> 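Here it is, the structure in full.
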2 protein chains.
Amino acid sequence: MDTRTQILDVAQALVQTIGANAMSYQHISEAVGIRKASIHHHFPTKEALIDALIERYSERFFGVVDQIVAGRKTAVHKLRDYIGLFEGTLRDGAQDKACAMGMLGAEVRTLGEAAADRVSQFYAQNERRLSTILDEGRRDGTLRFEGASPAMAGLIFSLLEGAMLVSRGRNDVEHFRVVSDQLLKLIRS
Amino acid sequence: MDTRTQILDVAQALVQTIGANAMSYQHISEAVGIRKASIHHHFPTKEALIDALIERYSERFFGVVDQIVAGRKTAVHKLRDYIGLFEGTLRDGAQDKACAMGMLGAEVRTLGEAAADRVSQFYAQNERRLSTILDEGRRDGTLRFEGASPAMAGLIFSLLEGAMLVSRGRNDVEHFRVVSDQLLKLIRS
DNA sequence: GTCTATATAGAGATAGAC
DNA sequence: GTCTATCTCTATATAGAC
């Protein structure tokens, strides 16, 4: 694996566990096995590293999400799969990882302009995908809820980000499943 | 106002906007108008400052929450008031502030043990209060939902924390209201 | 592309005068 | 209780050899 990828992998894992502000070149240097100065060859500044990390994370995430949305399952199954992405992140590896974009959302006032914009877009685009699934659920009869789909999509996305945050804070990964199961109880036909 | 209180006020506002890791004695020093060294007289370490901040924040928060819970309104109105606490924080002051405990939740892996414990307790205690309101709502007939009250309480708390995070990330405070209104549409009788 | 060496800034923290 | 002065450590970043 090339060094650039290794750096991004380590940096992303650090963002997902301790956040961008607590992440340092020293951390990355030790984990990758190169000197701090060498990181600057691949990413001239920390801001550039974070920007690159966000771009890759978004691209990958929507790659998976769009596959779910375009699939042939019923809407409620698509929603389950979507929720599974978040739960999978929480259960990924030894350390419980948060959504990188959730962590950066908390730190958004300390990010550069480009990064802050991308975080905002990530949220809006997730809600758009969710809204599509919800509309489909009303059509195929697998989902039922009061209110408009975009508002419900906003609720679901905030809920999933919040549940990751709270589950980690409680040191109880299972809490995420309790909450997401409760969501499905509310909107499943 | 005494210096200790001023320091706590500034530190709390900083945690709520940029987070504990981005907050420095330099920031506090400038805002309060004393030297960095003087802060150490009141709080020997940053960890002690954060611990004190958390204790005060929790105490104040539950002071208000318990008044809401103990009031004579219907459960749905109590829930509205509870949600209003979060929205009020978001709209407090010029800068949009997050819940201090939400910010610290994101940073929980970088906190000391005492602080991490208190964050965890804050979450659990909020859910307990919410569960009480939800039980009451089923009794007084103002709330209706599938599933158990503790699970629903977990959902609501994660939702509110997540909605604050996402609303700030989207740079759209109104988003919080859209989401919280949608919640009420789902569970109001 | 990675290294050593270094620059510069800022962090949290301490000692001791007033 | 606040100050000046200083310490130590770590942060991001750069220069230039290999």
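Please read all numbers here as calculations on a predicted model, not as lab measurements.
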> Could you tell me if Thr74(A) and His77(A) have a donor-acceptor pair between their side chains, going purely by distance under 3.5 Å?
yes
> For Asp117(A), give me all partners under salt bridge (charged side-chain N to carboxylate O under 4.0 Å, His left out), at least two apart in sequence or on another chain.
none
> Could you grab the distance from atom CE of Met23(A) to atom CG of Asn21(B), nearest 0.5 Å is fine?
12.0 Å
> Please list every donor-acceptor pair under 3.5 Å in which a side-chain atom of residues 176-189 of chain B meets a protein atom from a residue at least two apart or in another chain.
{"unit_1": "Arg177(B)", "atom_1": "NE", "unit_2": "Glu87(B)", "atom_2": "OE2", "d": "3.3"}
{"unit_1": "Arg177(B)", "atom_1": "NH2", "unit_2": "Glu87(B)", "atom_2": "OE2", "d": "3.0"}
{"unit_1": "Ser180(B)", "atom_1": "OG", "unit_2": "Phe176(B)", "atom_2": "O", "d": "3.1"}
{"unit_1": "Ser180(B)", "atom_1": "OG", "unit_2": "Arg177(B)", "atom_2": "O", "d": "3.3"}
{"unit_1": "Gln182(B)", "atom_1": "NE2", "unit_2": "Glu146(A)", "atom_2": "O", "d": "2.8"}
{"unit_1": "Ser189(B)", "atom_1": "OG", "unit_2": "Gly141(B)", "atom_2": "O", "d": "2.8"}
{"unit_1": "Ser189(B)", "atom_1": "OG", "unit_2": "Leu143(B)", "atom_2": "N", "d": "3.4"}

> Pull out every residue in residues 19-47 of chain A that has a heavy atom closer than 4.0 Å to any atom of DNA chain C, ordered by number, or say none.
Ile34(A), Arg35(A), Ala37(A), Ser38(A), His41(A), His42(A)
> What pairs of donor and acceptor atoms, side-chain ones from residues 47-57 of chain A against any protein atom, are under 3.5 angstrom apart with sequence neighbours left out?
{"unit_1": "Arg56(A)", "atom_1": "NH1", "unit_2": "Asp9(A)", "atom_2": "OD1", "d": "2.8"}
{"unit_1": "Arg56(A)", "atom_1": "NH2", "unit_2": "Asp9(A)", "atom_2": "OD1", "d": "2.9"}
{"unit_1": "Arg56(A)", "atom_1": "NH2", "unit_2": "Gln12(A)", "atom_2": "OE1", "d": "3.1"}
{"unit_1": "Tyr57(A)", "atom_1": "OH", "unit_2": "Ala100(A)", "atom_2": "N", "d": "3.3"}

> Is it true that Asp172(B) and Ser167(B) share a donor-acceptor pair across their side chains at a distance under 3.5 Å?
no
> What salt bridge (charged side-chain N to carboxylate O under 4.0 Å, His left out) pairs are there with at least one residue in residues 59-69 of chain A, not counting sequence neighbours?
Asp66(A)-Arg129(A)
> Considering only heavy atoms of chain A and a distance under 4.0 Å, specify the first and last nucleotide of DNA chain C in 5' to 3' order that meet this criterion.
dG1(C) to dA5(C)
